[in-house]
Protein chains: 2
Amino acid sequence: MAGTVVNLRNAVEPARCIDISKLDFSNCPVRDVMQQINGKWSTLLIECLSQKPYRFGELKRMVPDISQRMLTQTLRDLQRDGYVDREVFPTKPPSVEYRLTDLGRSLYAPLAELLNWAEANHDAVRAARTRFDEAAG
Amino acid sequence: MAGTVVNLRNAVEPARCIDISKLDFSNCPVRDVMQQINGKWSTLLIECLSQKPYRFGELKRMVPDISQRMLTQTLRDLQRDGYVDREVFPTKPPSVEYRLTDLGRSLYAPLAELLNWAEANHDAVRAARTRFDEAAG
DNA sequence: CAGAATCCACTGAGATACTG
DNA sequence: CAGTATCTCAGTGGATTCTG
């Protein structure tokens, strides 16, 4: 953990003769922060919660192909990183509401831009895939 | 494949009684486009190539913990989606250069904003993690 | 040098069943 | 309703070896 600090955004020049086991990537936000955001379900759930708070079951229905297990786990991870707040209402049966925190909303700004890009360029990407697959056979 | 079209960005209201197997997520850019960008190594490599073209071995040294296999595969996937161009120089031994395409550079604009956010809020995320872990025990 | 091919380990993630 | 607890498996990805 206490090895050379590697922050891809600072030093991207190819270095030689590095002992990988002594590298410390924890100061690289591209790895440490993005890894969670990059999770299979994270973006989907943040996108859902960007509208308004939702309950567990509602989120499950909004992302119907997520398993209960992964929903629980992803929400907890998002909560751990400070993007999501979890509020338990002592009703019977219990209900739990999830909402974006200030940090989560702040994250959503640039994230939404990226999603807008993805939406706007979806066709271009599909076209590129077709071209590539046809060229390759 | 020909089931209900699900685009999370259009209809995010929780729906009931859906047969998952009949859903078609291929029109949802949050899934179809982001899935590749979200890959473990994709962002790292795009960030590298945002500076200038690099060769295979250089990229390997810039991301020292990537395996040759994953480097090859991720670059091919990025090329397939149209983000990266691959140019082979008929030298001996051969050298291959990778560079961002116009589409790739266009993607890098919003992506870089997200990476900037990650960098700027890295400490906030780490603090949130500490808080969460201490609260949980 | 830039891969392709093979083998293998780990873990991400689904299915199911149970609980407060 | 909103989880937790197992069990299990498929796919991701690493290490190694081989080639133009």
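Lettering follows sequence order; numbering is per chain, from 1.
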ask   = Does Phe89(B) share a hydrophobic cluster with Phe56(B), counting links as ILVMFWY side-chain heavy atoms below 4.5 Å and allowing steps through other members?
value =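 Different hydrophobic clusters.
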Please give, in whole Å, the distance from [N] [atom2] to [X] [atom1]?
X        : N       : atom1 : atom2 : result
Met62(B) : dA2(C)  : CE    : C1'   : 17 Å
Gln79(B) : dG3(C)  : CD    : P     : 9 Å
Arg86(A) : dA2(D)  : CZ    : P     : 10 Å
Gln35(A) : dG13(D) : CD    : C1'   : 13 Å
Asn38(B) : dA13(C) : CG    : P     : 11 Å
Glu97(A) : dG3(D)  : CD    : C1'   : 17 Å
Lys40(B) : dG13(D) : NZ    : P     : 6 Å

task = Please work out if Tyr98(B) contacts a base, only the sugar-phosphate, or nothing of the nucleic acid, heavy-atom cut-off 4.0 Å.
result =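 The residue Tyr98(B) makes sugar-phosphate contact but no base contact.
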query = Lys92(B) near the nucleic acid: base, sugar-phosphate alone, or nothing, with a heavy-atom cut-off under 4.0 Å?
reply =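 Answer is nothing: Lys92(B) stays at 4.0 Å or more from every strand.
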Examine distances only and state if a side-chain atom of [X] and a backbone atom of [Y] form a donor-acceptor pair shorter than 3.5 Å.
X         : Y         : value
Thr130(B) : Arg126(B) : yes
Arg80(A)  : Asp133(B) : no
Ser42(A)  : Gln36(A)  : yes

Please determine, for the side chain of [X], which listed nucleotide ([options]) has the closest atom?
X        : options                  : value
Arg69(A) : dG14(C), dA2(C), dG3(D)  : dG14(C)
Thr72(A) : dA2(D), dT4(D), dA13(C)  : dT4(D)
Met70(A) : dA2(D), dA2(C), dG14(C)  : dG14(C)
Ser67(B) : dG14(D), dG3(C), dC1(D)  : dG14(D)
Arg55(A) : dA2(D), dA4(C), dG14(C)  : dA2(D)
Gln68(A) : dG13(D), dA17(C), dC1(D) : dA17(C)

query = With nearest nucleotides of DNA chain D determined for Pro94(B) and Pro93(A) from heavy-atom distances, which residue corresponds to the more 5′ nucleotide?
reply =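 Its nucleotide being nearer the 5' end, the pick is Pro93(A).
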inquiry  = Could you check whether Lys60(B) pairs with Asp65(B) (Lys NZ or Arg NE/NH1/NH2 to Asp/Glu carboxylate O, under 4.0 Å)?
reply    =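 So Lys60(B) does not pair with Asp65(B) through a salt bridge.
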